[in-house]
Every structure is written in structure tokens, then in C-alpha cells.
**Q** 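Dropping a structure here in C-alpha cells format, bear with me for questions.
In the text below, chain A, chain B and the rest are named by the order of the sequence lines, each starting its count at 1.
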Number of protein chains: 2
Amino acid sequence: MVHYIEMIDQPSTEPSTRDRIVTTARELFFDQGYNATGISEILKKSGAHSGSLYHYFPTKEDLLMAVLQQYKELLQPMVIGPARERASQPIDRIFAVLHGYRLLLEATDFRLGCPIGNLALEVSNSHPAPRALICENFDGWMDQVRTLIEEASGSLPPDTDIDRLAVLLLSTMEGAVMLARTYRSFEPFDQSVLALREHFEQLSLLGTTWSKPKNLEK
Amino acid sequence: MVHYIEMIDQPSTEPSTRDRIVTTARELFFDQGYNATGISEILKKSGAHSGSLYHYFPTKEDLLMAVLQQYKELLQPMVIGPARERASQPIDRIFAVLHGYRLLLEATDFRLGCPIGNLALEVSNSHPAPRALICENFDGWMDQVRTLIEEASGSLPPDTDIDRLAVLLLSTMEGAVMLARTYRSFEPFDQSVLALREHFEQLSLLGTTWSKPKNLEK
DNA sequence: GTCTATACAACGATAGAC
DNA sequence: GTCTATCGTTGTATAGAC
């Protein structure tokens, strides 16, 4: 609420103290995890002081929630949008989203994968409120991917379960990123994505040869 | 080294102090994560005292490595063996392994998923030595699953890439467990597994009909 | 190998001046 | 809203008697 007003009132000036704190916390949580990142570290890197941080965020958990809220807002401009621009064909756009995570692994030498996945495993048991926000992040991802799948449905059998496919893509991506980061190798990621590709190719095959006239348009 | 002697010398008596410490640490790391678990908590729950713990494990990281070593030894008796006994058909045995994780999610109300996956994301960036042991755990899992796939290769196309399939199963399982734990719901897990089932069914279809006349059967 | 006592740094969080 | 100073606790790890 105050948040939106700030975004309007400060169109293109330097970021507010609050935003610097959230962004810094996001970066540190991403790289080191939630528990391994101390408040003092966030203060030092952001240049803010403890009085300011605790003015905005009464507890560390509140700061985590602001970070997760920011991730929700970054999904479109940072993940989905760029992926859409990198590919023109419907099915390629789906895999362009996955490829985005590979680019991140590459750019960070396997340090950074999916920030939501990291936090999901670390805080789900102990922090119920952030856990709900993590669900919303996953929901947003699957919503977007579902849309991409729908746009590609011409190449899929008419009875394809799109929700199921979106869940499969998210599950496999999360696991593949986990393995790549652990092995410090693209191989498990690439193999997983390739296997998904084959699955989609099989579906395409079924979609074009199976049904009756259905998708004989052009 | 001393480890094996102890196992032989104490066939069925109560566990050694060392073993109690490792097992307790394993349970706490599993439920709470590595960073969120304090040494004092391990000492309290195991009944050991700090002098004993630091006698065996000079640092907390050394204890983590002993835990990861124990996981390697538990893979067969706790994961693969039971799965093999729960199913008789080759392909069913593969999915019985995945189902084992569902049973664990169910038994723990979604608190516990895959212990290796949890630790992988939490410590890979900061703890190189444990990271190597996590790789060995993943390797062991994929070795076992690869064997299960080979045993089922009669139902698969002859050119099936078995390694790739094993990686896909691990990636998807890890992601599916992550989502189930986050949502506190079986749905993402079940949907992911169902999608994998469909992938295997497609492969079976190709395996039996392919060889010659493409897919013009029936 | 096991126990008690404790060192010392880092943690999350607070108080109060400005 | 920002700053400094600091509280009380917990963190990992040690020392030394037995």
C-alpha cells in the first residue's frame, strides 16, 4: 500500500532505503540462504543501519516476506518476458523459460539457481507465513507456463492435461537446477531438459498423427 | 576405518556414543536443516556432551560429512530394498522408489522429503567437502535406478538413453518432493509422477510398435 | 572417551537521541 | 526515518579434570 505510493512518487530517482534493504537481502538470501545470512551482513552491504531495517521490518521473517513479494513482482520482467523474447515458436518459448535458469547457472558459475526453490526447502517447515508466499511464487510460475503451453496446444494432443504438464516442467526444472548446482555441471540439467523435450516431441507426434481431422488447420 | 571395527565389535548392543551423535544430527538436519540446527540441540537430544562430540568431530562440518556418509549406507536398506519388495514388475519397481518418498511425506505430514536434496541446496555453495559427498549420494541413487531401468528395458525402445532417464527421474522426484512439501499437498507430487508414468507408457508404446512400421499399428 | 565449565564471536533485536 | 550504542541469547568451539 505505502509500497505502491513510493513507486509512483519516485519514478526514476535512486532507490529508497527500504528498497535497498530488500534488494540486498534478496541477493544475500539467494546466494547464502536465509539462515546463513545475518542481519549485520545485510546492513553492511546495503549501507543501511539497524534502526532503519527494524523500522521497516520488525523481524527477520518480515524481511524475508518482503523479499518473496519482490520475487513475485520480478517473475514477469525477469523470467517470463525475456524468455518470450528469446524464442518465437510456442514450444520453444516454454523451453526458453527453462533455458533462462541455465543462463543464470552459467553466469554465476553454478552458485545461483532458483531462489524460490532454495527458500522452499529451507524455510517451509519453520516459517508458515513465508511458506504461503513461496506457494504464490510457484503458482505464478505455473500460471505463466500454463499460458505458454496453451499457446503451444496446436502441437499437442487435444486431451493433453496442461496443468499436469506445467507441474512436470516446474518439478523437473527445480530438480535439474538442484543437481546442476550440486555437481557444478550442466549435464544433469541438460539431460533433464532433453528428456522433457523428447516427451514434448512424443506428444507432438501423438497430436499430429493420432486424432482425426482435429488439428489439420494451417 | 575405526568405524568398521566398531560395527563388527558391537554386533547388537546399544549404539555407540558416536553413532548416537551422528544419527541425532541426521534427524535434526533432516527436519530443520543444517544451519538452523545448533550443536547444543544435538547434544541435548542425543544425550551426549560437547567433549564427546568434539572428540569425534572437530567441526560441525565434519559431523555433517559423517551424516552424509551414513545416508550413503542407508540408501540400499532404507530406500531401494523396500521399494524392490513393494513391487514385482520392473517398471513398477522404478516407481516404487518414487512412491517411497510419498510414503515419507505422508508419514511426516510433509515435513520430511529427500534429505540429500535439502542439504544440496543449503550447503553446496558454502561447504565444498560435504558437497562432494552429496554428489556421491546422488550418484548412488542414480546407479540403483539405472539398474532398475535396465531390468525394465524389455518394455523400452532399444535406443533408450538409460542415463538420461535416470537423471530425469531424480530431477523430477526432487522437484516434486520440494513442491509437495511447500504446498503441503500430494497433488504436485502425484501429478509429476503421473506425467512420468505417461512418459514411460509412451516409451513402452514405441518399444513394442516401433522397430518396423512406425506407429501405424492397430 | 566422557564430563563440566567457559571462552568469545555472532546472532536477532531494542533504546533513545536526533 | 536515520543513527549509535548496546542488550541478552545463542552460536561454535575449547580447556582441562577425571
Side-chain angles (χ1 to χ4, degrees), chain A residues 1-7 9-10 13-26 28-29 31-67 119 122-123 126-130, chain B residues 1-7 9-10 13-26 28-29 31-67 119 122-123 126-130:
Chain A
M1 28 219 73
V2 175
H3 187 228
Y4 293 126
I5 294 171
E6 284 179 11
M7 288 175 67
D9 281 351
Q10 304 190 350
T13 109
E14 68 268 22
S16 68
T17 300
R18 197 197 119 107
D19 284 350
R20 274 189 298 121
I21 292 171
V22 174
T23 299
T24 304
R26 172 165 60 79
L28 289 172
F29 290 167
D31 189 55
Q32 305 177 333
Y34 176 71
N35 289 303
T37 301
I39 302 272
S40 61
E41 205 175 353
I42 297 169
L43 295 176
K44 187 178 173 187
K45 188 177 174 195
S46 70
H49 295 200
S50 89
S52 300
L53 191 149
Y54 282 100
H55 171 72
Y56 295 110
F57 311 105
T59 70
K60 190 184 181 186
E61 186 180 71
D62 290 317
L63 176 53
L64 173 60
M65 299 220 278
V67 165
L119 293 169
E122 188 176 6
V123 310
S126 47
H127 299 264
Chain B
M1 28 216 70
V2 175
H3 186 227
Y4 295 126
I5 295 171
E6 285 179 10
M7 288 174 68
D9 281 352
Q10 305 189 351
T13 105
E14 67 268 23
S16 68
T17 300
R18 197 197 120 105
D19 284 349
R20 274 188 299 119
I21 292 171
V22 174
T23 298
T24 304
R26 173 166 59 81
L28 289 173
F29 290 167
D31 189 54
Q32 304 178 333
Y34 176 71
N35 289 303
T37 300
I39 302 272
S40 60
E41 205 174 352
I42 297 168
L43 295 176
K44 188 177 173 188
K45 189 178 173 194
S46 69
H49 295 202
S50 91
S52 301
L53 191 150
Y54 282 100
H55 171 71
Y56 294 110
F57 311 105
T59 70
K60 190 185 178 185
E61 186 180 70
D62 290 318
L63 176 53
L64 172 60
M65 299 220 280
V67 165
L119 293 169
E122 188 177 5
V123 309
S126 47
H127 295 81

**Q** Would you indicate whether the side-chain heavy atoms of B/Arg26 and B/Thr23 approach each other to under 4.5 Å?
**A**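 Answer yes - side chains close enough.
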**Q** Got a second to check how far A/Glu122's CD is from A/His127's NE2, nearest 0.5 Å?
**A**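 Nearest 0.5 Å value for the CD-NE2 distance: 8.0 Å.
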**Q** Rounded to the nearest 0.5 Å, how far apart are CG of A/Leu43 and OH of A/Tyr54?
**A**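 So the CG of A/Leu43 and the OH of A/Tyr54 are separated by 7.5 Å.
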**Q** Looking at D/dT2, I'd like to know if its phosphate oxygens (OP1 or OP2) sit under 4.0 Å from a side-chain N or O belonging to A/His55.
**A**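 False: A/His55 side-chain N/O out of range (4.0 Å or more) of D/dT2 OP1/OP2.
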**Q** Is there a side-chain polar atom (N or O) of B/Ser40 under 4.0 Å from OP1 or OP2 of D/dT12?
**A**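 No, no such contact exists.
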**Q** Are any of the side-chain heavy atoms of B/Ile21 and B/Phe57 separated by less than 4.5 Å?
**A**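 Result yes, sub-4.5 Å side-chain heavy-atom pair found.
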**Q** Considering heavy-atom distances to DNA chain C, does B/Arg20 or A/Tyr54 have its closest nucleotide positioned more toward the 5' end?
**A**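 The 5'-side residue here is B/Arg20.
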**Q** Restricting to non-hydrogen atoms, name the atom on B/Glu61 and the atom on B/Tyr34 that form the minimum distance, rounded to 0.1 Å.
**A**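 Looking at all heavy atoms of both residues, the shortest contact is N-OH, 3.3 Å.
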**Q** Could you report the tightest heavy-atom contact between A/Ala25 and A/Val67, atom names first, then the distance?
**A**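 What the structure gives for the nearest pair is CB-CG2, 3.9 Å.
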**Q** If you fit an axis to the five pairs at each end of the helix from C/dG1-D/dC18 to C/dC18-D/dG1, how big is the angle between those two axes, to 10 degrees?
**A**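 That helix gives 0° between its end axes.
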**Q** Show each protein N/O and nucleotides 15-18 of chain C N/O combination with a separation under 3.5 Å, one pair to a line.
**A**
none

**Q** Take atom CD1 of B/Ile42 and atom C1' of D/dT10, then tell me their distance rounded to the nearest Å.
**A**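 Roughly 14 Å, once rounded to whole Å.
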**Q** When you get a sec, tell me which of D/dT2, D/dT12, C/dT2 is the closest nucleotide to the side chain of A/Ser52?
**A**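 Closest nucleotide among those given: D/dT2.
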**Q** To the nearest Å, give me how far apart CG (B/Leu53) and P (D/dA15) are.
**A**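 Taking atom P of D/dA15 as the reference, CG of B/Leu53 is at 16 Å.
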